[in-house]
Amino acid sequence: MFEYLGRPLNDWSRGSRRLDDGCELIQKRLAMHLYRTHSCGALRAEHIGAQVRLSGWINAKRDHGQLLFIDLRDRSGITQIVAPERSDELAALSGARLESVVTVTGTVVKRSQETVNPKLNTGEIELQVSTVEIQSEAVTLPFPVAGDQPIGEDARLRYRFLDLRREEVGRNILLRSKVIASIRRRMHEAGFVEFQTPILTASSPEGARDYLVPSRLHPGQFYALPQAPQQFKQLLMVAGFDRYFQIAPCFRDEDARADRSPGEFYQLDLEMAFVDQEEVFATIEPVLAGIFDEFSDWIVTPAPFPRLTYKEAITTYGSDKPDLRNPIHIFDVSDVFRESGFKTFSAAVRDGQVVRALAAPGAAKRSRNYFDQLVKWARSELRSPGLAYLVIDGESKGPVAKFLSKEDVRILSERTGAKDGDAIFFFCAQEYVAARQAGALRQRLGDDFDLIEKNAYRFCWVVDYPMYEREEKTGNIEFSHNPFSMPQGGLAALNTKDPLEILAYQYDVVCNGIELSSGAIRNHRPDIMLRAFEIAGYSADEVKERFGGMLQAFAYGAPPHGGLAPGVDRMVMLLADQQNIREVIAFPMTQNALDLLMGAPSQVSEQQLKDLHIRLELPPDEEPEESKTIDCSE
RNA sequence: GGGGUCGUAGUUCAGUUGGUUAGAAUGCCGGCCUGUCACGCCGGAGGUCGCGAGUUCGAGUCUCGUCGGCCCCGCCA
């Protein structure tokens with residue numbers, strides 16, 4: 001799958017031709033290259049008899065006293081090195097620890113039939129060594145580099161340079177490089193222009209917490225690292241560049257998750273002028289599907305991806321990032337319970353709550369304990385008062401069975417698709433809460449019953465997000481997503497409709513339950529923008545102060561435009577089939593936003609603080625930690 | 001900010017209802033070994049059981065606190 005294996009490296013030869021092209025060329029050279037004529041994965045039977053030089057890391061050593069085998073490794077593969085008996089070379093190699101870097105020169109020899117190693121690409125040959133140079137002696141390792149033994153996360157991060165030598169992580173990082181190269185190629189081919197935008201920019205009032213950078217020249221003022229190049233890309237549209245993209249670093253000071261690295265991440269940020277939503281989709285679908293097709297042999301949703309409205313996604317899947325590999329659907333059964341004998345639910349439904357149901361195929365076989373565990377889980381994890389369920393096993397059983405008529409059960413089974421041997425679960429709550437609870441259970445049942453489709457990337461668009469939502473604590477109307485989205489229906493909708501009913505040209509692209517990206521058709525009209533912000537409680541002056549640059553730009557002729565920004569780390573994570581985003585980042589921080597290798601964050605010198613006009617005021621019980629970096633300020 | 005879980009040799013792990021001197025594999029050090037590719041054989045060293053209190057005659061084991069890794073909630077326009 002990874003074609004670098006067994007391929008020659010191509011960057012170490014100063015000449016325009018690769019030396020791997022043939023032994024003759026090597027023989028013609030008066031002097032060999034200082035370090036290597038071939039990579040460690042390059043040699044084959046055709047090289048037998050050639051004088052070659054290899055450099056690499058000692059991956060493994062098999063010392064038989066008067067016979068010594070070394071597995072010499074670089075990123076391209078492994079070659080077995082054999083040292084002659086009673087030689088200085090044998091002594092030198094025997095004394096070198098694993099992971100030492102050595103250069104060996106010798107003759108490629110054929111292995112006898114019995115000693116061929118079919119596991120290695122180079123397994124038909126070995127290198128009979130004549131000279132050895134130890135380039136760099138390694139001390140004893142904190143963990144094994146060879147093999148795939150699990151290693152503690154902290155040790156891996158502290159010695160990330162060793163961890164990256166290990167096969168799986170190394171493969172992920174190389175995959176990342178190829179994915180990014182392919183993205184660039186595809187975007188250029190689709191007519192996009194690549195830009196760089198500022199890293200030191202202004203703090204924006206919306207969104208996540210900013211990372212701040214104090215200004216030396218302007219006491220008391222701060223730059224912010226961009227949470228995304230949102231305003232810059234829109235300004236580039238105003239500038240007339242039509243199609244923008246960037247592999248953009250984004251910085252958000254929010255807490256980590258398995259699919260969310262703390263602090264920083266990369267997006268394929270893109271924006272297009274003179275497009276509607278469908279045109280954005282049609283442009284980016286082939287890029288996404290193409291990337292996933294190119295780097296995986298799993299099934300990939302072909303373009304056009306299915307479109308779900310936000311409302312459908314929440315009702316049918318209980319999530320705005322539905323995993324379409326999971327066959328379970330969620331159904332509204334409020335009407336069945338409204339008139340049922342199950343008083344808890346019927347009263348709640350009459351009170352405006354809803355009942356959502358989902359069926360788990362084959363669940364009737366599970367023990368009573370399994371259901372008890374689920375109820376417990378629903379109470380603690382979903383904060384649901386309980387979990388009602390109905391086991392269809394010849395007759396209907398379970399805690400709510402006695403409250404339901406035969407006809408009720410028939411309707412419930414029919415609607416949820418439950419057959420004999422299945423179980424149906426119910427949540428009763430406010431619409432949104434019930435949906436989320438059912439969505440969480442849907443995911444859990446999918447895992448518990450092994451229902452998730454294997455070897456498939458299932459994409460979909462979630463469209464028609466509401467423009468506004470009501471903040472629960474304050475009751476205020478807020479933007480539910482990006483405040484720069486165009487409301488559907490434009491100014492007229494803003495002026496005439498209930499804000500909570502207004503939809504936005506706002507969309508997400510989702511793959512296997514992971515949100516790859518948000519995007520929107522933007523609001524390019526200053527008048528509509530001021531009105532949109534007014535509804536969310538911002539005065540015209542505030543908007544002008546906070547987004548003045550963009551608002552002003554839109555007054556000088558702005559094209560209708562829109563775009564999105566799929567997360568690059570998440571794409572690679574999906575392609576590498578990894579459960580954690582750290583596995584596709586070369587130098588990730590811990591969940592706690594610490595860089596264990598570089599020691600970030602760290603203290604700085606008094607002088608640095610003084611230059612920045614900053615005085616520390618620490619919480620009383622917190623002594624500043626010893627700085628882990630070298631103090632160069634003395 | 002909150003919840004869960006883990007922390008024992010360099011590494012990966014075991015360690016019973018609290019009970020003698022805390023074990024294994026691997027790595028490391030020394031010796032032997034000419035066809036291995038997880039090389040093999042013999043020997044050795046290696047532990048503040050994350051840290052600090054407490055309960056107890058006695059704590060790796062129980063309790064509380066704390067630090068760190070991971071997972072989750074909040075947060076992530």
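Side chains are part of it too, since the values below use all heavy atoms of this structure and drop only hydrogens, waters and symmetry mates. Since the structure is predicted, the reported quantities are computational estimates derived from the model, not experimental observations. Chain letters run A, B, ... following the sequence lines, proteins first and then strands; every chain starts at 1.
Donor-acceptor pairing under 3.5 Å, judged by distance alone, is absent between the side chain of A:Q149 and the base of B:U26. Counting atom types as modelled, A:R252 pairs no side-chain N or O with a base atom of B:C76 as donor and acceptor under 3.5 Å. Checked by distance alone, A:E153 brings no side-chain donor or acceptor within 3.5 Å of a matching partner on the base of B:G68.
Using cut-offs of 30° and 60° on the angle between ring planes, the pair A:F484 and A:F547 is perpendicular.
For the 3.5 Å distance criterion, the side chains of A:R62 and A:Q80 qualify, holding a donor opposite an acceptor. In summary, the side chains of A:S39 and A:D74 do not present any donor paired with an acceptor at a separation below 3.5 Å, with no hydrogens or angles considered. When only modelled atom types and interatomic distance are considered, A:Q578 and A:E168 share a side-chain donor-acceptor pair under 3.5 Å. Residues A:E89 and A:T131 bring no donor and acceptor atom of their side chains to less than 3.5 Å of each other.
For B:G69, the OP1/OP2 oxygens have a side-chain nitrogen or oxygen of A:N592 closer than 4.0 Å. In this model, the phosphate group of B:C71 is approached by a side-chain N or O of A:R582 to a distance below 4.0 Å at OP1 or OP2. Between A:R62 and B:C39 there is a side-chain N or O to OP1 or OP2 distance below 4.0 Å. Contact annotation: A:K119 side-chain N/O to B:A38 OP1/OP2 distance is under 4.0 Å.
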Could you go through nucleotides 27-29 of chain B and list every protein N or O atom that sits under 3.5 Å from one of its N or O atoms, giving the distance for each pair?
| from | atom 1 | to | atom 2 | distance (Å) |
| --- | --- | --- | --- | --- |
| B:C29 | OP1 | A:R97 | NE | 3.3 |

With 3.5 Å as the limit, what N/O pairs link the protein to nucleotides 31-33 of chain B?
| from | atom 1 | to | atom 2 | distance (Å) |
| --- | --- | --- | --- | --- |
| B:C33 | N3 | A:D63 | O | 3.1 |
| B:C33 | N3 | A:G65 | N | 3.2 |
| B:C33 | N4 | A:G65 | N | 3.3 |

Are there any protein N/O atoms within less than 3.5 Å of an N/O atom in nucleotides 1-5 of chain B, and if so, which ones and at what distance?
none

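In this structure, A:D253 reaches neither bases nor backbone, as no heavy-atom distance under 4.0 Å exists between it and the strands shown. Residue contacts for A:Q230: at a heavy-atom cut-off of 4.0 Å it reaches a base atom on one of the strands shown. Using a 4.0 Å heavy-atom criterion, one finds that A:R257 contacts the bases of the nucleic acid, with or without backbone contacts as well. Within the nucleic acid shown, A:Q231 has no heavy atom closer than 4.0 Å to any nucleic acid atom. Heavy atoms of A:P142 sit under 4.0 angstrom from primed sugar atoms or phosphate atoms, though from no base atom.
With sequence neighbours left out, the salt bridge (charged side-chain N to carboxylate O under 4.0 Å, His left out) criterion links A:R436 to no other residue. Contacts of A:Y223 classified as ring pair (Phe, Tyr, Trp, His ring centres under 6.0 Å), with partners at least two apart in sequence or in another chain: none. Qualifying salt bridge (charged side-chain N to carboxylate O under 4.0 Å, His left out) partners for A:D577, counting only residues two or more places apart in sequence or in other chains: none. In this view, A:T201 and A:P226, A:F232 satisfy the side chain to side chain contact (heavy atoms under 4.5 Å, CB included) rule, not counting sequence neighbours. With sequence neighbours excluded, the residues satisfying salt bridge (charged side-chain N to carboxylate O under 4.0 Å, His left out) with A:D450 are A:K454.
Aromatic pair A:F479/A:F533: centroids less than 6.0 angstrom apart.
Distances were taken from every side-chain heavy atom of A:T590 (C-beta onward) to each of B:C37, B:C75, B:G69; the shortest belongs to B:G69. When distances run from any side-chain atom of A:D154 to the nucleotides B:G69, B:C72, B:U11, the shortest one goes to B:G69. Distances were taken from every side-chain heavy atom of A:L594 (C-beta onward) to each of B:U36, B:C71, B:G68; the shortest belongs to B:G68. In this structure, the nucleotide among B:U11, B:U12, B:U36 sitting nearest to the side chain of A:P144 is B:U11.
Each of A:M272, A:M486, A:H524 was scored for a side-chain contact (heavy atoms from CB on, under 4.5 Å) with A:P560, with one residue passing: A:H524.
The interatomic distance linking A:R436 (CZ) with B:C73 (P) rounds to 9 Å, in whole Å. Regarding A:E381, its CD atom lies at a distance of 9 Å from the P atom of B:C73, rounded to whole Å. Between A:D148 atom CG and B:U11 atom C1' the separation is 14 Å, expressed in whole Å. Between the CD atom of A:Q578 and the C1' atom of B:C70 there is a distance of 15 Å, given to the nearest Å.
Closest of all the heavy-atom pairs between A:K61 and A:L68 is CG-CD1, 4.2 Å.
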>> Output the pairing pattern of RNA chain B as a dot-bracket string, 5' first, Watson-Crick or G-U wobble with both distances under 3.5 Å, | for cross-strand pairs, [ ] for crossing pairs.
In response: (((((((..((((.....[...)))).(((((.......))))).....(((((..]....))))))))))))....
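Residue A:F69 and nucleotide B:U36 are classified as a stacked aromatic pair, their ring centres being separated by less than 5.5 Å at an interplanar angle below 30°.
Separating the C1' atom of B:U26 from that of B:A9 is a span of 11 Å, rounded to the nearest Å. Using P as the reference atom, B:U11 and B:U63 are 27 Å apart when rounded to the nearest Å.
Within residues 156-166 of chain A, no residue approaches RNA chain B, by heavy-atom distance under 4.0 Å. A heavy-atom distance below 4.0 Å to RNA chain B is reached by these residues of residues 109-118 of chain A, ordered by number: A:R111, A:T115, A:N117.
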May I have the list of side-chain donor-acceptor pairs in residues 500-510 of chain A shorter than 3.5 Å, sequence neighbours left out?
| from | atom 1 | to | atom 2 | distance (Å) |
| --- | --- | --- | --- | --- |
| A:Q506 | OE1 | A:S485 | OG | 2.6 |
| A:Q506 | NE2 | A:G519 | O | 3.1 |
| A:Y507 | OH | A:A520 | N | 3.3 |
| A:Y507 | OH | A:A520 | O | 3.2 |
| A:Y507 | OH | A:G563 | O | 2.9 |
| A:D508 | OD1 | A:S518 | OG | 2.7 |
| A:D508 | OD2 | A:Y465 | OH | 2.9 |

